[in-house]
Number of protein chains: 2
Amino acid sequence: MLSKKKTGVTITDVARLAGVSTATAGRVLGDYGYSSREKREKVLSAAQALGYRPNLLARSLITGRTKTIGVVAGDIQSPFYASILRGISNVAERNDFGLIITNSDENIEHEIRSVRLLLEKQVDGMIVSPCDPEGGEHLVSVVAAGIPIVQIDRQVHSLGADFVGVDNKQGAHDAVARLLAQGHRRIGMIGELGYGDWSIEEFFALASAPSYASDSLYPSWQRLHGYVEAHREAGVPLDPMLIGRSRSYSAQGAQHQAQMLLSNKSRPTALFTADGLMTEGTMAAVAESDLALPDDLSVICFDDLDWMGFVRPRLDAVAQPRGAMGEAAAQLLLDRIAGNDEPEKRIVMRTRQIVRGSVAPPRALPGQAVSVTGQ
Amino acid sequence: MLSKKKTGVTITDVARLAGVSTATAGRVLGDYGYSSREKREKVLSAAQALGYRPNLLARSLITGRTKTIGVVAGDIQSPFYASILRGISNVAERNDFGLIITNSDENIEHEIRSVRLLLEKQVDGMIVSPCDPEGGEHLVSVVAAGIPIVQIDRQVHSLGADFVGVDNKQGAHDAVARLLAQGHRRIGMIGELGYGDWSIEEFFALASAPSYASDSLYPSWQRLHGYVEAHREAGVPLDPMLIGRSRSYSAQGAQHQAQMLLSNKSRPTALFTADGLMTEGTMAAVAESDLALPDDLSVICFDDLDWMGFVRPRLDAVAQPRGAMGEAAAQLLLDRIAGNDEPEKRIVMRTRQIVRGSVAPPRALPGQAVSVTGQ
DNA sequence: CTGAAAGCGCTTACAG
DNA sequence: CTGAAAGCGCTTACAG
């Protein structure tokens, strides 16, 4: 037995009470077209008396615009997406847009399902964090249908849609360069590094070329590129054994990789983590170890999370402007929805190095000679 | 200049290509009513060929149901709401429902605006975390209009809508009792404690009566009630000076309250924080102090956040089943939408004490005699 | 099982 | 400035 939803007050009811046509009532209530002050007041007070609320569905069916944007996030529960969503939500509310939110869980089937739902709900545009750089046919067809997409954090090759992200290479480069300047020579990195048909060795070879461009790669690879560049500039040789590749966005995977790295007899003296989830897994591994930060191990994390400011030691981080990324993406999308047809835009935002005390010069490890050169 | 949205393929197009009426096409595509295998196949292949996607707006306009639920959260960026939303989202996706999300920012005007938007978007039901226990007229009118509401975490008095929350009193009681059992006699609490027309002294007097019921109060007051009960059971006198009342959901406010408490010459030897945000502020204050956990100060936090498991020392917490709360609320709402008209339901979920090492017996403070009784 | 017709609640030309 | 009419893309009785 379905509960029968009361068919609320309609524009027809208002028009009848006000003694005008539905067209006139519509013009007043929808604030389009002309209306005399007299009719206007009649309609308004009738609407008030009846408690009229417009049915946006009906309006959208005609206008072809829903004033709704859809989002496909990786996982709305993660601090990264939660902050981005907040930024998107701010802009949406400010512009009287609704927001439909879905998760892909980094699964292409889910992503396709989400996009279909958003399409059927007739969103005016979408913000998507695509989970497969190569699997974007479903997105191509959205764009082809004239529905704007803004990609966030990650992108599909040759989709030709706007993009908002951060300068991953620069952020990682600066963090790793700081560790190198402190004298670290064995710097571990824990990253997702999932897509990519190459081994770490092969990527090192590619990325060592000064002309190598990683712009279209996934964030963790761009961050590894920054790692490589910092090493090249410092003249420090690369060691593939120092790279922990979790291959999926999972704290457990990262924890496992960090444990492996730290239990090695020639363990790294510093760790660079490639995102929030990798940081959580890595810190869990560190907490289980006997290592004291920063004396036994220096750490810098990509993405600054709330708690990093009040644990001991406080953790150094590469901060991404997550809220601003969401706002920029939403604003760009609204511009597109409003008809802005300038060429494809790429907004690459700057990261910020946050120094708090989780970096110190390396100490000599048992059985190892460490030459501290520093800056 | 508005970009003209291409009016996609409609059921009329499909019907024409398939050589059937729109009614028949609708029956096949919408999977309602009868259809012969022959027509069915024709319609399906025509739809496939044209790339038909139903326009859910049109369907909803007729059926009066949008298969969409709306959520009014406090702040989707907080880990508390982010997890709840994930739970809601899981159930929604599983049932092919869309999800429209808004924030109230604990501001009644925003909440009213959000509810209006959801109403105009014709959601089939709402999940709301109301920000004012007394200000619920806008919610009353929603329920009166036949649109089900499930309240989460907090509730409006006498709204007569379902509710999903946790046993705040019990959770707080057990945490504080554990501190008392360790010998703590001066236990501070940092909480929002915003609504309520009483002072802490007055509340202590009220809540000391064994028959006092705090079920309809805001969570932080219920948690303070648990604090009071644990003290009464242990025969430990209450001291209003030990309660830091931030009066708003703000980490800064909590930090300030914690600083005040900790800088007092007869400072507490243990702290109980009443929610995630209070914990963040409190931990910031602790990080700035000279106090070492757990030797100088024991801590238990209400709400278990990811990072509490891998900081040092790991933090003890009262875990709320946030994801399950969201799932339960969404499931209950879907039941109501499906027509379940049983009497108002209250789902009160259990918390779980998580012991990790941030609690130890108190040490004597300079200039104070401490009698450790504990077990 | 199928089709013609009406209609959901609005907005949009089009006359006046 | 206003109203009668048509129509957005579907679903729903109602005949057949």
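Since the structure is predicted, the reported quantities are computational estimates derived from the model, not experimental observations. Sequence lines set the chain letters: A, B, ... in the order given, protein chains first and strands last, and positions in each chain run from 1.
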For the side chain of B/Val20, counting heavy atoms from C-beta on, which of C/dG3, D/dC10, D/dG3 is nearest?
-> C/dG3
Consider the side chain of B/Thr24, meaning its heavy atoms from C-beta on, and name the nucleotide among C/dT2, C/dT12, C/dC10 that approaches it most closely.
-> C/dT2
Spacing between A/Arg16 atom CZ and C/dG9 atom P, to the nearest angstrom | 11 Å
Nearest-Å distance for atom pair CG/P, residues A/Leu29 and C/dT12 | 14 Å
Value rounded to 0.5 Å, distance of OG in A/Ser83 from CD in B/Gln77 | 4.0 Å
Between CZ of B/Arg65 and C1' of D/dT12 the distance, given in whole Å, is 16 Å
Between C/dT2, D/dT2, C/dG9, spot the one nearest the side chain of A/Lys39, thanks.
-> D/dT2
Which of C/dG3, D/dC10, D/dT2 is nearest the side chain of B/Ser21? It is C/dG3
Testing D/dC8, D/dT12, D/dC1 for proximity to the side chain of B/Tyr32, the answer is D/dT12
Options D/dG9, C/dT12, D/dC1, nucleotide nearest the side-chain atoms of B/Ile62 = D/dG9
If you check the B/Tyr52 side chain, which of C/dT11, C/dC1, D/dC10 turns out closest?
-> D/dC10
No-hydrogen, no-angle side-chain donor-acceptor test under 3.5 Å, B/Asn90 and B/Arg94 | no
Which whole-number value in Å describes the distance from A/Leu61 CG to C/dG7 P?
-> 17 Å
Considering only side-chain heavy atoms of A/Thr22, which listed nucleotide, C/dG9, C/dT11, D/dT12, is closest?
-> C/dT11
Got B/Ile101 and A/Ser89 here, is their nearest side-chain heavy-atom distance under 4.5 Å?
-> no
Can you tell me the pairing partner of D/dA15 across any strand shown, Watson-Crick or G-U wobble, with both distances under 3.5 angstrom?
-> C/dT2
When you measure from the side chain of B/Thr63, which nucleotide among C/dT2, D/dT11, D/dT2 comes out closest?
-> D/dT11
Mind listing the closest non-hydrogen atom pair of B/Arg59 and B/Gly30 along with its distance?
-> NH2-CA, 3.8 Å
B/Ser36 side chain N/O closer than 4.0 Å to the phosphate oxygens (OP1, OP2) of C/dT2?
-> yes
Just checking, any donor-acceptor pair under 3.5 angstrom between side chains of A/Lys121 and A/Thr68?
-> no
Atom-to-atom span, CD1 of B/Ile11 to P of C/dA5 - whole angstrom | 18 Å
Can you figure out which of D/dC10, C/dT2, D/dT2 approaches the side chain of B/Arg59 most closely?
-> D/dC10
Under 4.0 angstrom, heavy atoms only, what part of the nucleic acid is A/Arg53 near: base, sugar-phosphate, or nothing?
-> sugar-phosphate
Measure from CD on A/Glu38 to P on D/dG3 and round the result to the nearest Å.
-> 10 Å
Taken to the nearest whole Å, CG/A/Asn55 to P/D/dC8 is 18 Å
For A/Arg37 and for A/Ala23, find the nucleotide of DNA chain D with the closest heavy atom, then tell me which residue's nucleotide is more 5'.
-> A/Arg37
A/Lys121 atom NZ is separated from D/dG9 atom P, nearest whole Å, by 18 Å
Yes or no on side-chain contact (heavy atoms from CB on, under 4.5 Å) for A/Val28 and A/Lys42, after CA distance, side-chain angles and deciding distance?
-> CA-CA 10 Å; A/Val28 173; A/Lys42 273 188 182 169; over 6 Å; no
